[in-house]
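In each ligand, atom 1 is the first atom listed, and ligand 1 is the first ligand listed. All values below were derived from every heavy atom in this structure, side-chain atoms included, with hydrogens, water molecules and symmetry-related copies excluded.
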Amino acid sequence: MKTEKKILAIGCDHGGYELKEAIKSYLTANDIEFKDFGCDGESVNYPDYADKVCRAIQSGKCYRGILVCGTGIGMSMAANKHKGIRAACCSDTFSARMTRAHNDANVLCLGGRVVGFGLATDLVELFLKTEFEGGRHQVRVDMLTALDNNK
Ligand code: RB5
């Protein structure tokens, strides 16, 4: 998985549409480049949108992603079916920070019916700014990669 540009991929289903639009406003206000993979508020199936975002990361077109559905859970289940994707569904700031620091998460999943915009903004900020600590955590992330390959 090669990453060429720092473009964030973002996607949602109808349960996450309002929060996704709010997050887009936050990203725009903070000069964070993103590509929106939909949906546009219509009723859709969340695995399709998780797939679009994850493929953009796998191809290297985007470096990380944010997926929003009603709970964030369906999106995280769908995203984690993709090789090289480490998706974390978070609704507290400690988890959002630690999943970057320890798991090198590359997709943040949020529940539009779970978190409000203020908390979501904090979660996104932590997800974008927290560095992976590497070291002993790299060994464990490598083990996740090995599981991807059924080793
Ligand atoms: C859609 O109603 C809802 O099921 C979906 O947004 C999500 O919460 C699934 O995990």
**Student:** Just need the protein heavy atom nearest to atom 9 (C) of ligand 1, so name the residue and atom and give the distance.
**Tutor:**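 The answer is Tyr46 CE2, 3.5 Å.
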**Student:** Would you call Lys81 and Asp51 a salt bridge, taking side-chain N to carboxylate O under 4.0 Å as the test?
**Tutor:**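 So Lys81 does not pair with Asp51 through a salt bridge.
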**Student:** Identify the residue among Asp36, Ile23, Leu27 that makes a side chain to side chain contact (heavy atoms under 4.5 Å, CB included) with Leu8.
**Tutor:**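 For Leu8, the side chain to side chain contact (heavy atoms under 4.5 Å, CB included) test succeeds with only one of Asp36, Ile23, Leu27, which is Leu27.
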**Student:** Look at the side chain of Asp104 and the backbone N and O of Phe132, then say whether any donor-acceptor pair between them is shorter than 3.5 Å.
**Tutor:**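 Such a contact is absent between Asp104 side chain and Phe132 backbone.
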**Student:** Considering non-hydrogen atoms of the protein only, which is the closest contact for atom 10 (O) of ligand 1, and what is the distance?
**Tutor:**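 Going atom by atom, the protein heavy atom closest to atom 10 (O) of ligand 1 ends up being Gly74 N, 2.9 Å.
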**Student:** Looking only at protein heavy atoms, identify the closest one to atom 8 (O) of ligand 1 and say how far it is in Å.
**Tutor:**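 Ranking protein heavy atoms by distance from atom 8 (O) of ligand 1, first comes Thr71 N, 3.0 Å.
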**Student:** Between Phe37 and Ala9, what is the shortest heavy-atom contact and its length?
**Tutor:**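 It is CE1-CB, 3.6 Å.
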**Student:** With only distance considered, is Gly70 within less than 3.5 Å of ligand 1 through an N or O on each side?
**Tutor:**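 Yes - when backbone and side-chain N and O of Gly70 are compared with those of ligand 1, one distance drops under 3.5 Å.
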**Student:** In the single-linkage hydrophobic clustering (I, L, V, M, F, W, Y; side-chain heavy atoms under 4.5 Å), do Val124 and Phe117 co-cluster?
**Tutor:**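 Both belong to a single hydrophobic cluster.
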**Student:** Could you identify the single nearest non-hydrogen protein atom to atom 5 (C) of ligand 1 and state the distance to 0.1 Å?
**Tutor:**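 Minimum-distance protein heavy atom for atom 5 (C) of ligand 1 reads Asp13 OD2, 3.1 Å.
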**Student:** Could you tell me the residue and atom name of the protein heavy atom closest to atom 1 (C) of ligand 1, and the distance to it rounded to 0.1 Å?
**Tutor:**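 Protein heavy atom at minimum distance: His14 NE2, 3.4 Å.
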**Student:** Are the side chain of Asn45 and the backbone of Pro47 linked by a donor-acceptor contact shorter than 3.5 Å?
**Tutor:**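 No.
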**Student:** Of the protein's non-hydrogen atoms, which lies at the shortest distance from atom 3 (C) of ligand 1, and what is that distance?
**Tutor:**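 So the nearest neighbour among protein heavy atoms is Arg113 NH1, 3.9 Å.
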**Student:** Enumerate the atoms of ligand 1 whose separation from the nearest heavy atom of Cys69 is less than 4.0 angstrom.
**Tutor:**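 Taking each heavy atom of Cys69 in turn, ligand 1 has 6 (O), 7 (C), 8 (O), 9 (C), 10 (O) under 4.0 Å.
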